[in-house]
Undergrad: 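The following block contains the structure, expressed as structure tokens.
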Amino acid sequence: MNDKKLQLFILPYAGGSIASFRRLTDLIDERIEVIPVEYAGRGVRAKEPLSSTLSEMLEDAIKYCKEYRNNSMPYAVFGYSMGTLLGYEMLVRGGLSGELKHFFVAAEVSPQTRALELRQEQNPTDEIVLKRAKDLGGLDERLLNNKRFADIYLKPMISDYKHFFEYRFNDTGKNIECDATFFYCEKDTALEDVKKWEQLITGEYDYHELGEGHFFINQEYEEIAHIVNCKLEKYL
């Protein structure tokens with residue numbers, strides 16, 4: 001008998017995988033069916049080719065979520081950095097059916113803000129991508145000359161970041177209808193830019209400033225899990 005009451009889909013950051021969120025997912029209420037999305041070309045899907053465009057990556061993520069979607073349960077979506085943009089596009093396009101309860105936005109400014117920033121850099125080189133990852137704190141330079149690391153992690157990360165730069169915001173005038181929780185670090189994503197999400201989501205909002213950098217999930221996963229559980233408790 002299935003004792004799960006709600007599904008939670010988790011979309012990782014650029015270069016991330018299911019393993020990136022294991023410490024977080026281990027702490028989620030056992031009544032919640034947690035479904036971390038494994039992008040093509042990594043983790044359990046390592047033998048599959050990487051997506052060639054951002055559009056292809058989005059369609060693949062939607063397909064992955066649809067395979068696990070159980071319409072008899074409500075659901076929530078948790079996106080981290082690039083995963084938040086994929087989650088937004090999936091939801092605003094109606095990619096999943098059923099009752100959406102909550103959208104958790106982590107480490108990402110609003111799509112309209114991000115699109116303006118990304119438009120300044122067209123077709124970034126590997127060097128630009130690696131510098132961006134280093135600046136965000138997501139790259140350990142000591143591993144750059146490690147071939148195994150490069151094959152397993154670096155290639156997907158570079159591919160994802162290049163897709164990230166492809167993002168263009170299309171204001172359809174359609175809002176996502178659900179409550180939302182925003183996790184951010186002021187040093188990484190200014191609150192004024194995070195608040196612009198309110199233009200795209202119809203519901204109640206709350207904000208949580210955490211950590212000291214972009215990858216605050218690595219230190220604050222217990223607090224994030226606690227907040228997620230509290231927010232979803234009323235649906236269980």
Undergrad: Minimum heavy-atom separation for L24 to I10, with atom names?
TA: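 Scanning both residues, the minimum pair turns out to be CD2-CD1, 4.5 Å.
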Undergrad: If hydrophobic clusters are built from ILVMFWY residues whose side chains come within less than 4.5 Å, do I217 and V34 share one?
TA: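 Linked within one cluster.
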Undergrad: Taking Y221 for its side chain and L27 for its backbone only, find out whether a donor-acceptor pair lies under 3.5 Å.
TA: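 No; zero donor-acceptor contacts below 3.5 Å.
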Undergrad: Hey, are the side chains of D193 and K196 touching, using non-hydrogen atoms and a 4.5 Å cut-off?
TA: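 Counting from C-beta outward, D193 and K196 do come under 4.5 Å.
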Undergrad: Does E209 reach the side chain of Y184, with side-chain heavy atoms less than 4.5 Å apart?
TA: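 They are in contact (side-chain heavy atoms under 4.5 Å apart), so the answer is yes.
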Undergrad: For E67, I'd like to know if atom CD has over 12 heavy atoms of other residues, nucleotides or ligands within 6.0 Å.
TA: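 Atom CD in E67 is crowded, with more than 12 foreign heavy atoms closer than 6.0 Å.
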Undergrad: Measure the CG-CG distance between N175 and L91 for me, rounded to the nearest 0.5 Å.
TA: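 Here the interatomic distance stands at 12.0 Å.
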Undergrad: Any heavy-atom pair between the side chains of E186 and L191 that's under 4.5 Å?
TA: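 With C-beta onward as the side chain, the pair touches.
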Undergrad: Could you tell me the separation between the CD atom of E220 and the CZ atom of F183, rounded to the nearest 0.5 Å?
TA: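 One finds 10.5 Å between CD of E220 and CZ of F183.
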Undergrad: With no hydrogens and no angle check, just 3.5 Å: does a side-chain donor-acceptor pair link Y167 and E89?
TA: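 Short answer, yes.
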Undergrad: Checking the side chain of N229 only, and the main-chain atoms of D29 only, is there a donor and an acceptor separated by less than 3.5 Å?
TA: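 Indeed, once roles are kept as given, a pair shorter than 3.5 Å links the two residues.
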Undergrad: I18 and E38: which non-hydrogen atoms are nearest, and at how many Å?
TA: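 Distance-wise, the nearest heavy atoms are N-OE1, 3.0 Å.
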Undergrad: Between atom CG of L54 and atom CD of E59, what is the distance when rounded to the nearest 0.5 Å?
TA: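 L54 atom CG to E59 atom CD measures 10.0 Å (nearest 0.5 Å).
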Undergrad: Minimum heavy-atom separation for Y64 to I35, with atom names?
TA: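 In terms of heavy atoms, the two residues are closest at CE2-CG2, 4.4 Å.
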Undergrad: Please lay out, stage by stage, how F165 and Y161 fare under the test ring-ring contact (aromatic ring centres under 6.0 Å, His included).
TA: CA-CA 7 Å; F165 279 93; Y161 269 101; 7.5 Å; no
Undergrad: Quick check on H226: does its NE2 atom have over 12 non-hydrogen neighbours (other residues, nucleotides or ligands) under 6.0 Å away?
TA: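 It does not: H226 NE2 has 12 such atoms or fewer within range.
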Undergrad: Are F164 and L85 close enough that some pair of their side-chain heavy atoms sits under 4.5 Å apart?
TA: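 A side-chain contact exists here, since the closest heavy-atom pair is under 4.5 Å.
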Undergrad: Output the distance between atom SG (C65) and atom CE (M90), rounded to the nearest 0.5 Å.
TA: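 Separation between the atoms: 4.0 Å.
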Undergrad: Check whether any side-chain heavy atom of D206 lies under 4.5 Å from a side-chain heavy atom of K231, and answer yes or no.
TA: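 Contact flag for D206/K231 side chains = yes.
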Undergrad: Nearest 0.5 Å, please: how far is CG in D60 from CD in E48?
TA: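 Output value for this atom pair is 7.0 Å.
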Undergrad: What about the rings of Y13 and F21, do their centers lie closer together than 6.0 Å?
TA: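 Yes.
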Undergrad: Are I32 and M73 connected into the same hydrophobic cluster when the rule is that any two of I, L, V, M, F, W, Y join if their side-chain heavy atoms are below 4.5 Å apart?
TA: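 No, because M73 and I32 fall into different hydrophobic clusters, even though each may have its own neighbours under 4.5 Å.
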Undergrad: Given side chains that start at C-beta, do those of T84 and L11 come closer than 4.5 Å, heavy atoms only?
TA: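 Side-chain contact under 4.5 Å: no.
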Undergrad: Would you call T172 and R93 a side-chain contact if the rule is heavy atoms closer than 4.5 Å?
TA: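 Not touching, per the 4.5 Å side-chain cut-off.
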Undergrad: Any idea which heavy atoms bring K101 and P74 closest together, and the distance?
TA: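 Smallest heavy-atom distance, with atoms named: CG-CB, 3.7 Å.
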Undergrad: Ignoring hydrogens and geometry beyond distance, is a side-chain donor-acceptor pair present between S81 and H214 at under 3.5 Å?
TA: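 Looking only at side-chain atoms, H214 and S81 do form a donor-acceptor pair, the distance falling under 3.5 Å.
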Undergrad: Using the ring of each side chain (for Trp, its six-membered ring), is W197 parallel, tilted or perpendicular to F182, with breaks at 30° and 60°?
TA: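 Tilted: the ring planes of W197 and F182 meet at 30° to 60°.
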Undergrad: Is there a donor-acceptor pair under 3.5 Å between the side chain of Q7 and the backbone N or O of N70?
TA: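 At least one qualifying donor-acceptor pair exists.
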Undergrad: Within a reach of under 6.0 Å around NZ of K5, are more than 12 heavy atoms found that belong to other residues, nucleotides or ligands?
TA: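 Atom NZ in K5 is not packed in, count stays at 12 or less.
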Undergrad: Between S51 and A40, which heavy-atom pair has the shortest distance, and what is it?
TA: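 So the two residues come closest at OG-CB, 4.5 Å.
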Undergrad: Check whether more than 12 heavy atoms from other residues, nucleotides or ligands sit under 6.0 Å from atom OH of Y207, and answer yes or no.
TA: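 Count over threshold, so yes.
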Undergrad: Is it true that the side chains of E166 and H163 contain a donor and an acceptor less than 3.5 Å apart?
TA: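 Yes, a side-chain donor-acceptor pair sits under 3.5 Å.
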Undergrad: Group every Ile, Leu, Val, Met, Phe, Trp and Tyr by side-chain heavy-atom contacts under 4.5 Å, then state whether L50 and V37 land in the same group.
TA: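 Different hydrophobic clusters.
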Undergrad: How far does CG of L6 sit from OH of Y235, to the nearest 0.5 angstrom?
TA: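 If we round to the nearest 0.5 Å, L6:CG and Y235:OH are 8.5 Å apart.
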Undergrad: With heavy-atom distances below 4.5 Å as the criterion, would you say the side chains of R69 and F9 are in contact?
TA: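 A side-chain contact exists here, since the closest heavy-atom pair is under 4.5 Å.
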Undergrad: Would you check if the side chain of K47 reaches a backbone N or O of R42 as a donor-acceptor pair within less than 3.5 Å?
TA: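 Not at all, since once roles are kept as given, no pair shorter than 3.5 Å links the two residues.
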Undergrad: Starting from I158, can I reach F215 by hopping between I/L/V/M/F/W/Y residues whose side chains sit under 4.5 Å apart?
TA: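 Same cluster: F215 reaches I158 through Ile, Leu, Val, Met, Phe, Trp or Tyr contacts under 4.5 Å.
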